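Everything below concerns the one structure shown next.
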Amino acid sequence: MTTSTAPWTNWTGNVIAHPTSRVAPTTVAEVTDTVIAAAESGTRVKCVGAGHSFTPAAATDGVLMTLDDLTGIESIVPTRGADGRVDGADVTVWAGTRLHRLGHLLWDLGLAQPNLGDFAEQSLAGAVSTGTHGTGLGHPGIPATVVGLQLVTADGSVLSCSRDANPEVFEAARLGIGALGIITKMTIRCVPAFALRADERPWTLSAVMTDMEGFARSADHAEFYWFPHTDSINVKRNTRLPGDTELEPVGRLQTAISDEFLSNEGFDAICRMAARRPSLAPRLNRFTSRALSARTFTDRSYAVFASPRRVRFREMEYAVPLAAAGAVLGDIRDMIDRSGVLTPFPMEVRFAAADDVWLSTAHGREVCYIAVHQYHRMDHTELFRQAEEIFLAAGGRPHWGKMHTRTAEDLSAMVGRFDDFVAVRDRLDPDRVFGNVYTERVLP
Ligand SMILES: Cc1cc2nc3c(=O)[nH]c(=O)nc-3n(C[C@H](O)[C@H](O)[C@H](O)COP(=O)(O)OP(=O)(O)OC[C@H]3O[C@@H](n4cnc5c(N)ncnc54)[C@H](O)[C@@H]3O)c2cc1C
C-alpha cells in the first residue's frame, strides 16, 4: 500500500482536492484497516475510480483511496434461462477494474456487459456509483446489471450484499455515489459476447425531434449528436449481432480520420479557435457536422460502444421523461438561438429503459438523456444554467457524475427512492466517514 499527499484533480480539471494522504490497498484487509484507522482518527475517506466525474463526487480532504491494485475477474458463475440453457454468467470483478480492460477480459471468456457508455476509461465501481449508462430503450444503465457486491462499511465490516443478503444495503449501494462505504468487488450479470453493426450518418434535428420515441426504437442502441447553431445531427445506430459474426472493423485510415482527427486532435484545434473567437462557433459547427460522413462497420460490442475522448470538456446531463424529449430539445434549441450562448461542442442524446435502482435517473420510467457540453477553455455557466432550467421544468433528473446545481432538498422530491437511500446511509455511516463536499450538498 503506497501513500502520498499530492493534490488530486479530476479528468476535466474543474475539481481540485487536497487529500491528507493517498492509499492504494492491495487486499480487502488493507481497505478495512484504512477505513478503521481513518474513522478512529476522525478523518474522512473517499475512494476514487478514474476521476472522470465532472462533479466533486470523488474529491476528499481526508484519505483518498484508489483500487487500481484491486482489479481483474475473481469468479464466473453461469446463469440459465427459463429453458434451463446457459444464457450468460454472473461475473465477480474487483472494483478498480477499468471498463475497457473488462471488455477484453470478458470477450476472451465469450461474455460481454449488456450495454456500455460511449467511453470506457472509468473503473467499474466508479461507473456504477454514479449511474453510468449507455443508450437503448431495451437496456437500463450499468447499475441495473449489478447482482451482488462486497462493501467495507464505516465500522470496518465487510458486507456481502445482494437481493438475498443485506438486501437494503444492496439496493442502495448499486448506485451509492461513494457515500455508503468502499465497494471492493461487484458481481455483474453478463450476456454472451456479441458484435455490433454500427451505422452512422448525418441527419437533421428537425426530422428526429417530431418522433423521438420512434427514433429511439429504430435500433437496439440509437443516439445522436446535435451540433448547436445548426440543424445537423450525426445519428449512431448500433444493431446487436451474434458474437461469431464476421467482424468488419473501421479501417486504420478511417479511424485516423474520423476517430482520431475529427473527434480528437482536429476537433481540439476547432475548439481552440472557438475559444479564441466564440462567434465562429456556428460556422465551425457547420464545418464539423459536414466533415462527418456516413459509415458502417461491425466490431466487438465494447469496441463499438466506446471511443477515446481526448478533448477536455465540461458536461451537464439530465434524464428527462421520454415523452418530453422532443419538446425539451426544441426548447434548448430556441434558448441557444435566443440567448446568444455559443458552443463548438455537440450535444448528445441517448435513451434508457426504466429500472428499479433507488437513486437511478431512470428509476421507474423510460428516459431520454440530453447532455450539454462546453469546451473546457470556454465558459459553460450561462449555457448550463439555462439548459438546467429547461430540464427541470420537464421533470428531469441530473446524472450524479455530471455538473448540476441540485441540493438534497431538491433531489429528495425528484429521485425515486431517495429517502430510503438516506435511511440506509444514516444507519451505515452516522459519522459521515465517507462524506465529502459533494455528499454535503446532495445528501442531508
Ligand atoms: C469523457 C467522459 C465520458 C463519459 N461518458 C459517459 C457515458 O457514456 N455515460 C455516462 O453515464 N457517464 C459518462 N461519463 C461520466 C462517468 O461515467 C461517471 O462520472 C463515472 O462515475 C466515472 O467513473 P470513475 O471511475 O472515473 O469514477 P470517479 O469519478 O473516480 O468516482 C465517481 C464516484 O464513485 C465513487 N467510487 C469510485 N470507486 C468506488 C469504490 N470502489 N467504492 C465506493 N465508491 C466508489 C467515488 O467515490 C465517487 O463518488 C463520462 C465522463 C467522461 C469524463
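Counting from 1, the numbers follow the sequence of the chain as shown. First listed ligand is number 1; within each ligand, the first listed atom is number 1. This is a predicted model, so every value here is computed, not measured.
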Answer with yes or no after comparing the ring centroid distance for [X] and [Y] against a 6.0 Å cut-off, counting only values under it.
{"X": "His404", "Y": "Phe384", "result": "no"}
{"X": "His380", "Y": "Tyr375", "result": "no"}
{"X": "His373", "Y": "Phe313", "result": "yes"}
{"X": "His52", "Y": "Phe119", "result": "yes"}
{"X": "Tyr369", "Y": "His133", "result": "yes"}

* Should the ring pair Phe215 and Trp203 be called parallel, tilted or perpendicular, given that the plane angle runs from 0 to 90° and is split at 30 and 60? ->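 Plane angle between 30° and 60°, so tilted.
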* To do: Any atoms of ligand 1 less than 4.0 Å from a non-hydrogen atom of Leu67? List them with their elements.
  =>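 Here the atoms of ligand 1 in question are 41 (N).
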Below the 3.5 angstrom mark, is there an N/O of [X], backbone or side chain, next to an N/O of ligand 1?
{"X": "Arg309", "value": "no"}
{"X": "Gly51", "value": "yes"}
{"X": "Lys46", "value": "no"}
{"X": "Phe54", "value": "no"}
{"X": "Trp11", "value": "no"}
{"X": "Gly126", "value": "yes"}
{"X": "Phe119", "value": "no"}
{"X": "Val48", "value": "no"}

Of the backbone atoms (N, CA, C, O) and the side-chain heavy atoms from C-beta on, which set of [X] has a member under 4.0 Å from an atom of ligand 1: side chain, backbone, both, or neither?
{"X": "Arg350", "value": "side chain"}
{"X": "Phe305", "value": "neither"}
{"X": "Glu315", "value": "neither"}
{"X": "Thr12", "value": "neither"}
{"X": "Ala127", "value": "backbone"}
{"X": "Glu121", "value": "neither"}

* **Lys/Arg N to Asp/Glu carboxylate O, Lys236 vs Asp118, below 4.0 Å** =>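 Not counted as a salt bridge, because no side-chain N and carboxylate O are separated by less than 4.0 Å.
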* Asked: What do you reckon, is CD of Glu168 surrounded by more than 12 foreign heavy atoms closer than 6.0 Å?
  ->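 Not buried by this count: 12 neighbours or fewer within 6.0 Å.
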* Compare all side-chain heavy atoms of Met65 with those of Lys46 and state whether any distance is below 4.5 angstrom. =>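 They are not in contact (no side-chain heavy atoms under 4.5 Å apart), so the answer is no.
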